[in-house]
Amino acid sequence: MSEAENLDVQEKRKLERCPVTEVLEVFDVHSERQLGRLVDISQEGLMITGRHPVMVNRIFQLLIPLPAPLEGCNEIRLGVESLWSRESQDGSRYWTGFHVICISDRDLACIERLFQAAG
């Protein structure tokens, strides 16, 4: 089992998350800082991996640009709360889990399109 899958098993979720096969960078809208790369996503949460830890119990406005339009959707924007952050076993990166607290209907539909594209 991969490290990402192991972290997924440790979390209890209501909805299945869509694993991301493309490189999708995740940015903090307010600081314009790249937080990491998207590992998986659902309508209720997401996990990223990055070189630096993300503070937990913090609210973020995230931007996830898409490499190509997905039925008119060029990016995903969502408000999230960071729930946990763990250093990888080899110490080279951090895994962070977020709970979605604010998302538009358009961005929800975009996440659904990601599921369809991955399926």
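Each residue takes its place number in the sequence, starting with 1.
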| Passes side-chain contact (heavy atoms from CB on, under 4.5 Å), Ser82 versus Phe60? Steps please. | CA-CA 8 Å; Ser82 55; Phe60 294 89; 3.7 Å; yes
| message | Under the criterion side-chain contact (heavy atoms from CB on, under 4.5 Å), I'd like the reasoning laid out for Cys110 against Leu66: C-alpha separation, chi angles, the key distance, then a yes or no. | response | CA-CA 10 Å; Cys110 191; Leu66 300 175; 3.6 Å; yes
| request: Might you work through the side-chain contact (heavy atoms from CB on, under 4.5 Å) test for Ile41 and Ile111, ending with a clear yes or no? | output: CA-CA 8 Å; Ile41 192 167; Ile111 291 172; 3.8 Å; yes
| Worked verdict on Arg93 versus His52 for side-chain contact (heavy atoms from CB on, under 4.5 Å) | CA-CA 7 Å; Arg93 64 187 177 271; His52 305 285; over 6 Å; no
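For Arg77, the side-chain hydrogen bond (donor to acceptor under 3.5 Å, both in side chains) partners at least two apart in sequence or on another chain are Glu75. With sequence neighbours excluded, no residue satisfies salt bridge (Lys or Arg N to Asp or Glu O under 4.0 Å) with Arg51. Checked against side-chain hydrogen bond (donor to acceptor under 3.5 Å, both in side chains), Ser85 has the following partners two or more places apart in sequence or in another chain: Thr96. Among residues two or more places apart in sequence or in another chain, the disulfide (SG to SG under 2.5 Å) test is passed with Cys102 by none. Here Gln61 pairs with nothing under the side-chain hydrogen bond (donor to acceptor under 3.5 Å, both in side chains) rule; sequence neighbours left out.
Residues Tyr94 and Ile64 do not share a hydrophobic cluster, defined by chaining ILVMFWY side chains whose heavy atoms lie under 4.5 Å apart. Grouping the Ile, Leu, Val, Met, Phe, Trp and Tyr side chains by contacts below 4.5 angstrom, directly or via other members, places Leu78 with Leu108.
In this structure the side chain of Ile48 reaches within 4.5 angstrom of the side chain of Phe98, judged on heavy atoms. Looking at Leu62 and Ile76, their side chains never come closer than 4.5 Å, going by heavy atoms from C-beta outward. Using a 4.5 Å heavy-atom cutoff, the side chains of Glu22 and Pro67 are in contact. When side chains are defined from C-beta on, Ile59 does not count as touching Val80, because their heavy atoms never get closer than 4.5 Å.
Of the possible donor and acceptor atoms, none in the side chain of His99 sits under 3.5 Å from a partner among the backbone N and O of Leu83.
We find the CE-OG distance between Met47 and Ser42 to be 11.0 Å, quoted to the nearest 0.5 Å. With rounding to the nearest 0.5 Å, the separation of CG in Asp107 from CG in Asp105 is 9.5 Å. Atoms SG and CZ, from Cys73 and Arg113 in turn, are 6.0 Å apart once rounded to the nearest 0.5 Å.
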Which donor-acceptor pairs under 3.5 Å do side chains of residues 24-39 form with protein atoms, sequence neighbours excluded?
{"residue": "Glu25", "atom": "OE1", "partner": "Gln34", "partner atom": "NE2", "Å": "2.1"}
{"residue": "Glu25", "atom": "OE2", "partner": "Arg37", "partner atom": "NE", "Å": "2.8"}
{"residue": "Glu25", "atom": "OE2", "partner": "Arg37", "partner atom": "NH2", "Å": "3.4"}
{"residue": "Asp28", "atom": "OD1", "partner": "His30", "partner atom": "N", "Å": "3.1"}
{"residue": "Asp28", "atom": "OD2", "partner": "Ser31", "partner atom": "OG", "Å": "3.1"}
{"residue": "Ser31", "atom": "OG", "partner": "Arg33", "partner atom": "N", "Å": "3.2"}

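Closest approach of Ser88 to Asp90, counting heavy atoms only: OG-OD1, 2.8 Å.
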